[in-house]
**Q** 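Take this structure, written in structure tokens, and hold onto it; I'll ask about it next.
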Amino acid sequence: MQVPFDDYVWSAGVTTDLVNTMPGVWRGIDQLPDRDALRAFLDEHGLGGVPAVDVAGVHAVRDRLRPLIESADADERVAGATALTGAIGHVTLDGDEWVAVLPEDGGVAEVLGVVGGLGLLAVQRHLGPERFRPCSSDTCSGVFVDTSRPGRRRYCMPGHCGNRVNVANHRARRRGAAT
Ligand SMILES: [Zn+2]
């Protein structure tokens, strides 16, 4: 099993989406409750070859990743992310891309741990610690890794949280105009 090694826009994006499936972001309803949901998540994120078996293991990896995004301590983030990359067997060129190769017995939790660890390390190194942020929506407890070029992303799920805020602002303005 292998995953891209140095495509941190991809790996940090997978990581953001993964931590925002946690029940705390969705009023207690887990967005990765079972193998079917995990299968769909993997397919959506270019990880179609990874077996969607170990749902509990993925939940555990998710629980490790979120505090690393939330942490204000860069050393803590680096140490935690490095630990998650421990499942890498070796790194090699596949065509013109670097890939991390995991042992064949590595499961989905190891794969997502490696992807998350690599993403956090690369963003910390190349873009800096201010790229790890909470969602700006008052009604959302999500977090995200901002890999946008300008670095001014505000929402963990831009199409979702951004819209919720816009709708709320719009309603507030209408209420204001009516009184
Ligand atoms: Zn959000």
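All ligand and atom numbering here is 1-based and tracks the order in the structure. When reading the values below, keep in mind they use all heavy atoms of this one structure, side chains included, and skip hydrogens, waters and symmetry mates.
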**Q** Are Leu18 and Leu32 side-chain neighbours, meaning at least one heavy-atom pair lies under 4.5 Å?
**A** yes
**Q** Look only at the side chain of Asn20 and the backbone of Gly142, and say whether a donor-acceptor pair between them is shorter than 3.5 Å.
**A**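 Side chain of Asn20 to backbone of Gly142: no pair is present.
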**Q** What class does the angle between the rings of His126 and Tyr8 fall in, given that below 30° is parallel, 30 to 60° is tilted and above 60° is perpendicular?
**A**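 It falls in the parallel class, under 30°.
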**Q** Ala100 and Leu118: which non-hydrogen atoms are nearest, and at how many Å?
**A** CB-CD1, 4.4 Å
**Q** Take the Zn ion (ligand 1) as the vertex and measure to SG of Cys156 and SG of Cys140; round to 10°.
**A**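 About 100° at the Zn ion (ligand 1).
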**Q** Please note down the angle at the Zn ion (ligand 1) between SG of Cys161 and SG of Cys135, to the nearest 10°.
**A** 110°
**Q** I'd like to know: is the Zn ion (ligand 1) within the 2.8 Å range of an N/O/S atom from His160, strictly under that distance?
**A** no
